[in-house]
> 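First, the structure itself, so that you have it in front of you.
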Amino acid sequence: MWWCIFSVIPPAAFINWSGCGPMLPRVQLKMNPKKFLVRQLTEALARLGQTDTIPEVSPTRDPKFGDLSTNVSLKLTRALKRNPLEIAEQILAELDLDVDLFEQPTITKPGFINFTIRNDYYRRLIPEIITGGDAYGRGQTGNGQTANVEFVSANPTGPLTVGHGRQAVLGDAVASILEWHGYEVIREYYYNDAGRQMRILGQSVEARYFQELGQAVELPEDGYRGEYLREIARNLVSEQGEKLKAGDPIFRKAAEAVIFADIKNSLAGLGIHHQVFSNEKNYYDSGAIDRMVADLRERDLIYEKEAATWFKTTALGKDQDRVLIKSSGEPTYRLPDMAYHRDKLERNFDLIVDIFGADHQATYPDVLTALKILEYDVSPIRVLIHQFVTLVRSGQKVKMSTRKANFVTLEELTEIAGKDVVRYFFIMRGMNTHLNFDLDLAEDESEKNPVYYLQYAHARISNIIRHGESLGISFKDQYDLTLLTHPGEIQLLKQMARFTDATESALESLEPQVLATYLQDLATAFHKFYVDCRVITADQRLTQARLALIYATRIVLANGLGILGLTAPEKM
RNA sequence: GCCCACAUAGCUCAGUUGGAUAGAGCGACUGCCUCCUAAGCAGUAGGUCACAGGUUCGAAUCCUGUUGUGGGUACCA
């Protein structure tokens, strides 16, 4: 058994590490084992005359099958009409593997070839992570590119609800994932203060205003019933007295200002900040909306029927035509959406992400269709649809409605549960699940929220480090990693090695939840290590090696928590 | 009616692009603090992966149908 002292400072140490054990070809130190295997397998298959099959290499579920396995021989059984085990033997014979990176591969049952990566590979990760620090694991995919992430986009008719929370947290985390990979990201909020909703809101405030003045005025039929409108009305009375007349635009403007301030405040409470607020009204004023209709009309895709203006989507393979301008003369939401997306495309982002609730599922294809017809390249646009949150109270489903004031605000939830709990609650679930949110358990849940499991791991590490320092033991950049042989240590290392896979996977899918799942597993690996292996002991060399291990673990945890917008506490 | 999503343990949800014996938390039960934080660890119980077919070496995952839930289907966005 050889060993050597690793030096943390120069990253070059990984490349030029001759003198410390066996010399390794440079490529294998830089390339991840999975990609390396895919390449070597591809070459082996080529030598066997199989160029059509792309080998897949995936992590194994069970450690007894090693770290990585491939199913190529199973895939080839049909073409070759031979026993997969025989094929596996043949592939293995052709495979050019570096014995220093892998143990001897094995072939198991149906015909899998299993690869076990030598522990040295994992140990080398530690200095790399410590050197990288808070930049460790950052991707470069988006370097030099811009991205726009549009989310929340609720019209300012009332406070944000728990339902909006899902989109708010999701969008912010998606934006952070992009930033982690090098994108320059604009978080954007799109709203409409000129439409029917806002008009009714103004009328509702107006009614409340006159009610405050003792007049018997009814709320409009579809009016907003929230208590917050009474407050706005009361403020108007104290600021403006009794002079306001019916139809004054101040009712709507006052409501919008107050409500928007409240929305921004609720978002800030979750650590969410938009850089750009786009107002639909601008697209009317600039003529962009008229231009949209005119451009489509030029392509003979617009017609009038029953006093409405229609978009002839059936001519483009859709099942029915869509109304763009209602018989009342007001556009439907589709039309400004088209103009808005045209604008976003013209702003030349490399990536445009739209986060919509399930209620927009039918809309965006029409928007994309229109833009394609106008010869825009819509490939930068990625639409993420999330399902709704179902609120449950006393075992009953609660239908939320801003208008009927039947909702729980995001702010209330944040107050009782806390920012991290709320964020994690929404992040840990896939966006495509219809998730149930039990209001009765909201507070209770906050104490058992799995986010604490992650944060606890971080706090525990911090505590060990503090404990060491109190005994005069501090981390040094000289440590012997070969002392890390305990299964708990190796499992923890292996889990850390998956961090970049997790962030890359999150980037591809734009699903923050994969990172949350990863961090859960990492925390588990740490907690198990913690129980089995004491860090600060009389054995100075082992203590240093384990300190290095937990320093690295803390960095990965903190980086992952940071991407998700969660705090990494030093104490709990 | 038609279109789009979804259906996994009592509850809330994972499941790495079709892999090997389907996992975690909560709830229930049993152990573990003389020792760096027990917000932890180890274990028991709990499953017809909605149902029925199909595709193939192999299906919770892909296809078809059925049932159920959510959403949409100009005049709420």
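First the proteins, then the strands, lettered A, B, ... as listed; each starts at 1.
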> Is it possible for you to check whether A:R61 lies under 6.0 Å from the centre of the six-membered ring of A:F65, through NZ or CZ, and within 45° of that ring's axis?
no
> Regarding A:N83, tell me which of base, sugar-phosphate or nothing describes its non-hydrogen contacts under 4.0 Å with the strands shown.
nothing
> Salt bridge check, A:R196 against A:E330: does any charged N sit closer than 4.0 Å to a carboxylate O?
no
> Is any side-chain N or O of A:N432 closer than 4.0 Å to OP1 or OP2 of B:rA5?
no
> Which part of the nucleic acid, if any, lies within reach of A:K64 when heavy atoms closer than 4.0 Å are counted: base, sugar-phosphate only, or nothing?
base
> In terms of side-chain geometry, is the basic nitrogen of A:R252 or A:E206 positioned less than 4.0 Å from the acidic oxygen of its partner?
no
> Would you mind classifying the nucleic acid contact of A:T517 as base, sugar-phosphate or nothing, using non-hydrogen atoms under 4.0 angstrom?
sugar-phosphate
> What integer distance in Å separates A:L435:CG from B:rA14:C1'?
13 Å
> Whole angstroms only, please: what is the CG-C1' distance between A:L561 and B:rA39?
15 Å
> How is A:N436 classified with respect to the nucleic acid when contacts are heavy atoms under 4.0 Å: base, sugar-phosphate, or nothing?
sugar-phosphate
> Take atom C1' in B:rC41 and the same atom in B:rC33, then report the distance between them in whole Å.
11 Å
> Which dot-bracket string fits RNA chain B when only Watson-Crick or G-U wobble pairs with both atom distances under 3.5 Å count, crossing pairs get [ ], and | stands for a partner on a different strand?
(((((((..((((.....[...)))).(((((.......))))).....(((((..]....))))))))))))....
> Determine the contact category for A:V323: base if any of its heavy atoms lies under 4.0 Å from a base atom, sugar-phosphate if only primed atoms, P, OP1 or OP2 are that close, otherwise nothing.
base
> Salt bridge check, A:R297 against A:E304: does any charged N sit closer than 4.0 Å to a carboxylate O?
yes
> I want to check one thing: is the phosphate of B:rC57, taken as OP1 and OP2, less than 4.0 Å away from some side-chain N or O of A:K75?
no
> Please tabulate, one pair per line, all N/O donor-acceptor pairs under 3.5 Å involving side-chain atoms of residues 353-362 of chain A, not counting sequence neighbours.
| residue | atom | partner | partner atom | Å |
| --- | --- | --- | --- | --- |
| A:D354 | OD1 | A:H341 | NE2 | 3.3 |
| A:D354 | OD1 | A:K344 | NZ | 2.9 |
| A:D354 | OD2 | A:H341 | NE2 | 2.5 |

> Check whether the ring centres of A:Y190 and A:Y340 lie less than 6.0 Å apart, and answer yes or no.
yes
> Syn if the chi torsion is within 90° of 0, anti otherwise; quick check, which is B:rU17?
syn
> Is A:G430 touching bases, backbone alone, or none of the nucleic acid, heavy atoms closer than 4.0 Å?
sugar-phosphate
> Can you build the contact string for nucleotides 23-32 of chain B? Use B for base contact, S for sugar-phosphate-only contact, and - for no protein heavy atom under 4.0 Å.
---SS-----
> List for me each residue that meets side chain to side chain contact (heavy atoms under 4.5 Å, CB included) alongside A:P487, sequence neighbours excluded, and say none if there are none.
none
> Is the gap between the ring centers of A:Y189 and A:F260 under 6.0 Å?
yes
> A:P450: what forms a side chain to side chain contact (heavy atoms under 4.5 Å, CB included) with it, not counting sequence neighbours?
A:Y424, A:M428, A:Q520
> For B:rC33, does the O4'-C1'-N9-C4 (purine) or O4'-C1'-N1-C2 (pyrimidine) torsion place it in syn, i.e. within 90° of 0, or in anti?
syn
> Which residue, A:N192 or A:R534, contacts RNA chain B at a nucleotide closer to its 5' end, judged by nearest heavy atom?
A:R534
> So, is A:Q513 close to the B:rG15 phosphate, meaning a side-chain N or O under 4.0 Å from OP1 or OP2?
yes
> Please evaluate the base of B:rA20 for a donor-acceptor partner in the side chain of A:S69 within a cut-off of under 3.5 Å?
yes
> So what does A:Y452 hit on the nucleic acid, given a heavy-atom distance under 4.0 Å: a base, only sugar-phosphate, or nothing?
base
> Taking CZ from A:F426 and P from B:rC13, how many angstroms apart are they, rounded to a whole number?
11 Å
> Spell out protein contact along nucleotides 61-72 of chain B as letters: B when the base is contacted, S when just the sugar-phosphate is, - when no protein heavy atom is under 4.0 Å; keep the 5' to 3' order.
--------SBSS
> Could you tell me whether the phosphate oxygens of B:rA38, OP1 or OP2, come under 4.0 Å of any side-chain nitrogen or oxygen in A:R460?
yes
> When the aromatic ring centroids of A:F526 and A:H458 are compared, is their separation below 6.0 Å?
no
> Does A:R460 count as lying over the ring of A:Y530, i.e. NZ or CZ under 6.0 Å from the six-ring centre, within 45 degrees of the axis?
yes
> Indicate yes or no: does A:R322 engage A:D366 in a salt bridge with an N to O separation below 4.0 Å.
yes
> May I ask you to verify if any side-chain N or O of A:Y530 is less than 4.0 angstrom from the OP1 or OP2 atom of B:rA38?
yes
> For A:S328, which contact category applies under a 4.0 Å heavy-atom criterion: base, sugar-phosphate, or nothing?
nothing
> Taking atom P of B:rG15 as reference, at what distance in whole Å does atom CZ of A:R429 sit?
12 Å
> Considering heavy-atom distances to RNA chain B, does A:M572 or A:H527 have its closest nucleotide positioned more toward the 5' end?
A:M572
> Using a distance-only criterion (donor-acceptor N/O pair, under 3.5 Å, no hydrogens), is the base of B:rA20 paired with the side chain of A:T108?
yes
> I'd like to know if A:D521 reaches the base of B:rA14 with its side chain such that a donor and an acceptor end up less than 3.5 angstrom apart.
no
> Counting the atoms with a prime plus P, OP1 and OP2 as sugar-phosphate, which does A:A459 contact under 4.0 Å by heavy atoms, base, sugar-phosphate, or nothing?
base
